[in-house]
Amino acid sequence: MHPLQCVLQTQRWGPLASVSWLLLRTCRAHSSVPSTACPSSERQQEDGVRKDFSSRLASGPTFQHFLRSASAPQEKPDMEDPPPYLTVDELLGRQRKVYLETYGCQMNVNDTEIAWSVLQKSGYLRTRNLQEADVILLVTCSIREKAEQTIWNRLHQLKALKTKRLRSQVPLRIGILGCMAERLKEEILNREKMVDILAGPDAYRDLPRLLAVAESGQQAANVLLSLDETYADVMPVQTSPSATSAFVSIMRGCDNMCSYCIVPFTRGRERSRPVASILEEVRKLSEQGLKEVTLLGQNVNSFRDSSEVQFNNAVSTNLSRGFSTNYKPKQGGLRFAHLLDQVSRVDPEMRIRFTSPHPKDFPDEVLQLIHERDNICKQIHLPAQSGSSRVLEAMRRGYSREAYVELIHHIRESIPGVSLSSDFIAGFCGETEEDHLQTVSLLREVQYNMGFLFAYSMRRKTRAYHRLKDDVPEEVKLRRLEELITVFREEATKANMASVGCTQLVLVEGHSKRSATDLCGRNDGNLKVIFPDVEMEDVNNSEVKVRAQPGDYVLVKITSTSSQTLKGHVLCRTTLKDSSVYC
Ligand code: 5AD
Ligand code: SF4
């Protein structure tokens, strides 16, 4: 057998059937694997399993099997319907303990819960103790080189743990999930022989099968990207029962193809979850008493539910003025304004946020709704990436500095008091000192309340990798980044100063990490607010004094600020609809 046994697997990819792969590799077939990787007791045990597995593998799966799956794209891997080379029993977790570790963005936090939900259903247990884990899964990020380096370092640490466990009865299995699995594929399996499974962002339903294959000593991978996977029916498990807020995934993937970004390659094409299933999840969260949901997606406001034919007659919405796309205009479907309207009606006491949007998809309907609805937070993330039109063009962002600034003015007029945040990249290909100063001036002009700033990191596969030169020296990137951070902080401090003396509605999260006598919560703009934990009046019952609990809304008078936090004193406990916020 060839050491790298590739089984071709086809999956529907729009009208064209693309061919991707599924990898199975035996431990023994690789002479470079140190013998300790298959110690004798484990090896004997695994030999038996492997023989049995090999004979079953010989009787299937056939190429036809994969073609069958291809013609039935809705068919998802399922415990009751195992592939012919595995038994139902082998797909079960049998109480093995899984330790999940998350890196990167909020989408990965949500993906971790999806992966856990799939494994829990399959009979796995979750542990927060690394030492007692039978399976360690890292949910990874590829957005910048540094993010990947963190994972490689972590894998080296885990190597010692795995070697120790080779002497025990139950071998430790290690899996790489998410963007890095998708981006590096076999490079990970080749570089780190101790990695047992790889699962790309659209392959989490397949985890029980991948782990079952790994049990027989094989490496297993599924990095197929899908056109329609939204995990709509996999309700993530709420991990903290005391949580006041939750993330609800509404769409996945990205079609924008900004020239620096790896996301379209790791997370695939844009697809939206059906409105009905989103509303069902939000209703459940409201019944559980949660007070805040954040709608989540790579391009959350490009949402377009085309799951039913009649949705294609929906009135079309426009792009923001002066913005264009890198793809052909899309038609029909239920859009973000419709979803936001529906979600905000589920529970008037539930705050609604969304992240991360693209500035091109802010039609007036969305802005109007944010302005009108008390429970939609007046907070918009508007990633600019650069203040220079020349750099924005090289980034293929689809707008100029002028169009972006005009949008900012329009948003501020439409939603008075709106809180704004942005992402910026320092040192993109060809960025001159003049371009950099344009970004500095945009930071001064807009005066964002929050900012996420990064040094450019060239990613293979992207358009910038193929067409542009990563010509800004590392030290210049870092110096420019430092300058952007300093200017952002100065401006944010000024912007936050404006709220001193104002009364703000705060959703209490719990005690402040720094002081047990203080409480911590978030204002409508998502900034942290710290205030003393004292007794207060309840607006609906002035007879009793209460202490605020996580999930309560309180009014706080702001007394001081920094670039990241506000401080104040609490006035009373209230409800979202009864609150009157004033300055
Ligand atoms: N280098 C640096 N920052 C990047 N981002 C995306 N790709 C890169 C890259 N190659 C930043 C963008 C994006 C945020 C999520 O990460 O600012 O908005
Ligand atoms: Fe990346 Fe651009 Fe898509 Fe954001 S919009 S995920 S930056 S390609």
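Residues: numbered from 1 along the sequence shown. Atoms within each ligand, like the ligands themselves, are counted from 1 in listed order.
The shortest N or O to N or O distance between Gln385 and ligand 1 is below 3.5 Å. Polar contact check, Arg459 against ligand 1: no nitrogen or oxygen pair lies under 3.5 Å apart.
With Tyr260 as the partner, the side chain to side chain donor-acceptor pair (under 3.5 Å) test is satisfied by one option alone out of Arg459, Arg463, Arg397: Arg397. Results of the side chain to side chain donor-acceptor pair (under 3.5 Å) test with Lys360 over Ser320, Ser302, Ser324 single out Ser302 as the only residue that passes.
At a 4.0 Å heavy-atom cut-off, ligand 1 touches Tyr260 through backbone and side chain alike. Under 4.0 angstrom from ligand 1, there are no non-hydrogen atoms of Val263. The side chain of Pro264, and not its backbone, has at least one atom closer than 4.0 Å to an atom of ligand 2 (non-hydrogen atoms only; side chain from C-beta on).
When hydrogens are left out, the protein atom nearest atom 2 (Fe) of ligand 2 is Cys258 SG, 2.4 Å; that is the closest non-hydrogen contact. Scanning all protein heavy atoms for the shortest distance to atom 2 (C) of ligand 1 gives Ala455 O, 3.3 Å. Distance from atom 10 (N) of ligand 1 to its nearest protein heavy atom, with residue and atom name: Ser457 O, 2.7 Å. Here the heavy atom of the protein found nearest to atom 11 (C) of ligand 1 is Arg144 NH1, 3.3 Å. Protein heavy atom nearest atom 18 (O) of ligand 1, with residue, atom name and distance: Asp423 OD2, 2.6 Å. Looking at atom 7 (S) of ligand 2, its nearest protein heavy atom turns out to be Tyr260 OH, 3.2 Å.
Cation-pi geometry between Lys330 and Tyr327 is met: under 6.0 angstrom from the ring centre, within 45 degrees of the axis.
Look at Arg479 and Glu433 and you find a salt bridge, because one of the NZ, NE, NH1 or NH2 atoms lies within 4.0 Å of a carboxylate O, short of that distance. Ion pairing of Arg271 with Asp202 is present here, as a side-chain N (NZ or NE/NH1/NH2) and a carboxylate O approach within less than 4.0 Å. Glu148 and Arg183 are joined by a salt bridge, as a carboxylate oxygen and a charged side-chain nitrogen come within less than 4.0 angstrom of each other. By the 4.0 Å N-to-carboxylate-O rule, Glu431 lies too far from Lys477 to be salt-bridged with it. Residues Arg267 and Asp111 are paired through a salt bridge, judged by an N-O separation under 4.0 Å between the basic side chain and the carboxylate. One finds no salt bridge joining Arg273 and Glu280 here, because no Lys/Arg side-chain nitrogen approaches an Asp/Glu carboxylate oxygen to under 4.0 Å. A salt bridge links Glu192 to Lys159: one of the charged nitrogens lies within less than 4.0 Å of a carboxylate oxygen.
For Arg397, the closest heavy-atom approach to ligand 2 falls below 4.0 Å.
Within the 2.8 Å limit, Cys261 places at least one N, O or S atom next to atom 1 (Fe) of ligand 2. Atom 3 (Fe) of ligand 2 has Cys254 among its coordinating residues (N/O/S atom, backbone or side chain, under 2.8 Å).
Atom 4 (Fe) of ligand 2 lies below 4.0 Å from none of the non-hydrogen atoms of the protein.
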